[in-house]
Amino acid sequence: MDIHSVSVVGAGQMGSGIAQVAALSGCRVLLHDTDDARVSEALAGIGGRLADSAAKGRIAPEAASEALARIHPGGGLEHAAGADLVIEAATESMPVKKAIFSALDGICGERAILASNTSSLSVTELAAATRRPEQVIGMHFMNPVPVMKLVEMIRGLRTSDETYARTAGLAERMGKTPLEVRDFPGFVSNRILMPMINEAIYTVYEGVASAEAVDGILKLGMNHPMGPLALADLIGLDTCLAIMETLHDGFGDSKYRPCPLLRSYVHAGWLGRKSGRGFYVYGEGS
Ligand code: NAD
């Protein structure tokens with residue numbers, strides 16, 4: 001059975017990108033968030049990006065307007081009842097995500113698949129909050145979703161082959177490359193990336209170099225397209241901290257201890273681009 005109708009839960013930077021690529025692949029999309037303003041901002045952002053892609057000739061103008069017309073504000077979670085697939089992209093917190101999965105399990109049709117865009121949390125544990133663990137999977141899109149090719153596909157302990165095949169098929173329809181990994185803290189992407197970002201933060205914390213110098217060294221010396229601190233600001237420092245805590249708790253190894261400077265920036269509300277300040281300042285005054 002193919003996937004035609006997708007509900008996206010969480011209309012932040014990831015949810016809005018996922019809604020966009022799902023609509024471009026031909027799916028009808030409902031976009032939910034506990035904060036209605038986030039849904040309105042996401043729809044405006046998607047409209048702007050699609051118009052920009054059409055203006056640059058990357059997609060046909062009709063494809064852009066048709067995709068936008070397929071995305072609707074989702075209202076309450078109960079409207080996810082008709083979805084073939086729900087992709088959860090809410091805040092990186094196990095209690096928040098478990099509550100969403102448990103509610104969706106009672107709302108959605110029995111064949112519906114429940115996927116999480118979590119960056120690090122246990123898909124197996126999320127699946128255990130439902131009565132359909134075979135139909136729960138991790139679909140870890142990369143940021144920015146419309147640009148990045150990878151979807152890291154995380155199979156929980158009980159994820160079925162059918163669930164994997166249906167969701168990997170959708171990822172391909174979206175023009176992405178699905179790569180399969182097992183369910184361990186941080187999976188592959190963030191088990192490797194986030195300790196590097198954390199170490200970059202330590203070098204600033206210890207006064208080894210400025211943020212600009214650290215980023216310059218990785219860009220010019222290692223050919224990274226973006227420095228680790230600019231990347232941390234793009235990801236969101238709250239999300240970076242949540243991922244380091246998951247690695248630290250999950251492996252019980254001190255090599256994953258989050259840098260105190262990262263913690264203190266998050267406590268200050270310096271979350272990176274989304275709050276206007278992180279390792280760099282964005283918007284007015286930058
Ligand atoms: P964000 O802060 O931009 O957005 C999170 C959204 O979730 C907010 O709009 C918030 O209102 C909403 N939300 C919170 N609780 C909710 C609930 N109970 N129901 C519905 N909506 C709720 O965060 P983001 O960067 O979009 O990250 C979302 C998820 O994607 C996280 O799990 C994160 O780890 C993962 N992720 C992030 C990145 C990245 O680079 N930022 C990359 C891959 C995966």
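Indexing begins at 1, ligand by ligand and atom by atom, following the structure's order. Worth knowing before you read on, the calculation uses all heavy atoms, side chains too, and leaves out hydrogens, waters and symmetry mates. Note that the structure is a prediction, hence the values are computed from the model and not measured.
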Checklist entry - Do the charged groups of Glu162 and Arg111 touch, with an N to O distance under 4.0 Å? => result yes
Checklist entry - What is the closest protein heavy atom to atom 14 (C) of ligand 1, and at what distance does it sit? => result Thr91 OG1, 3.2 Å
Checklist entry - Taking the six-membered ring for Trp, is the centroid-to-centroid distance between Phe279 and Tyr265 below 6.0 Å? => result yes
Checklist entry - Which bit of Val96 gets closer than 4.0 Å to ligand 1, counting heavy atoms only: side chain, backbone, both or neither? => result side chain
Next on the checklist: Within the structure provided, determine whether Arg49 and Gln20 are in side-chain contact (heavy-atom separation under 4.5 Å).
Outcome noted: yes
Checklist entry - Below 4.0 angstrom, N of the basic side chain to O of the carboxylate: do Arg155 and Asp183 qualify? => result no
Next on the checklist: Quick check on contacts: which atoms of ligand 1 are under 4.0 angstrom from a heavy atom of Ser119?
Outcome noted: 33 (C), 34 (O), 35 (C), 36 (N), 37 (C), 43 (C), 44 (C)
Item to check | Test item, Glu88 contacting ligand 1 (heavy atom, 4.0 angstrom) | outcome: no
Next on the checklist: Do Asp84 and Ser5 pair up side chain to side chain, a donor and an acceptor below 3.5 Å, judged on atom types alone?
Outcome noted: no
Checklist entry - Taking heavy atoms and a distance under 4.0 Å, where does Gln13 meet ligand 1: side chain, backbone, both or neither? => result both
Checklist entry - Charged N to carboxylate O below 4.0 Å: is that the case for Arg263 and Glu245? => result yes
Checklist entry - Checking salt bridge (Lys or Arg N to Asp or Glu O under 4.0 Å) for the pair Lys274/Asp238: CA distance, chi angles, key distance, verdict? => result CA-CA 10 Å; Lys274 64 183 165 187; Asp238 51 341; 3.0 Å; yes
Next on the checklist: Please tell me whether Ser7 and His79 have a donor and an acceptor in their side chains that are separated by less than 3.5 angstrom.
Outcome noted: no
Item to check | Within-cut-off N or O pair, Lys274 and ligand 1, under 3.5 Å | outcome: yes
Checklist entry - Just which atoms of ligand 1 are under 4.0 Å from any heavy atom in Phe141? => result 42 (C), 43 (C), 44 (C)
Next on the checklist: Glu92 versus ligand 1: do any nitrogen or oxygen atoms come within less than 3.5 Å of each other?
Outcome noted: yes
Item to check | Tyr280-Asp215 side chain donor-acceptor pair, cut-off 3.5 Å | outcome: yes
Checklist outcome for this item: Quick look: Thr34 vs ligand 1, heavy-atom contacts under 4.0 Å, and the answer is both
Checklist entry - Where does Asp33 meet ligand 1, judged by heavy-atom distances below 4.0 Å: at the side chain, the backbone, both, or neither? => result both
Next on the checklist: With no hydrogens and no angle check, just 3.5 Å: does a side-chain donor-acceptor pair link Glu92 and Ser120?
Outcome noted: yes
Checklist outcome for this item: Taking only non-hydrogen atoms of His140 and a 4.0 Å limit, the atoms of ligand 1 in range are 43 (C), 44 (C)
Next on the checklist: Using a 4.0 Å cutoff against the non-hydrogen atoms of Lys97, which atoms of ligand 1 qualify?
Outcome noted: 31 (C), 32 (O)
Checklist entry - What's the shortest distance from atom 37 (C) of ligand 1 to any protein heavy atom, and which residue and atom give it? => result Met14 CG, 3.4 Å
Checklist outcome for this item: The answer for which part of Ile100 has a heavy atom under 4.0 Å from ligand 1 is side chain
Checklist outcome for this item: Here the atoms of ligand 1 under 4.0 Å from any heavy atom belonging to Gly10 are 7 (O), 21 (N)
Checklist entry - What atoms of ligand 1 come within less than 4.0 Å of a heavy atom belonging to Ala89? => result 28 (C), 29 (C)
Item to check | Polar atom proximity, Asn117 to ligand 1 (N or O, under 3.5 Å) | outcome: yes
Next on the checklist: Testing the 3.5 Å rule here: is there a donor-acceptor pair between the side chains of Ser116 and Glu88?
Outcome noted: yes
Next on the checklist: For the residue pair Asp233 / Tyr282, report whether a side-chain donor-acceptor contact shorter than 3.5 Å exists.
Outcome noted: yes
Checklist outcome for this item: When distances are taken from atom 4 (O) of ligand 1, the protein heavy atom at minimum range is Gly12 CA, 3.3 Å
Checklist entry - Any N/O of Ala90 closer than 3.5 Å to an N/O of ligand 1? => result yes
Checklist outcome for this item: closest protein heavy atom to atom 40 (O) of ligand 1 is Asn143 ND2, 3.0 Å
Checklist outcome for this item: Within 4.0 Å of some non-hydrogen atom of Thr239, the atoms of ligand 1 are 33 (C), 34 (O)
Checklist entry - Is there at least one pair of N or O atoms, one from Leu234 and one from ligand 1, spaced under 3.5 Å apart? => result no
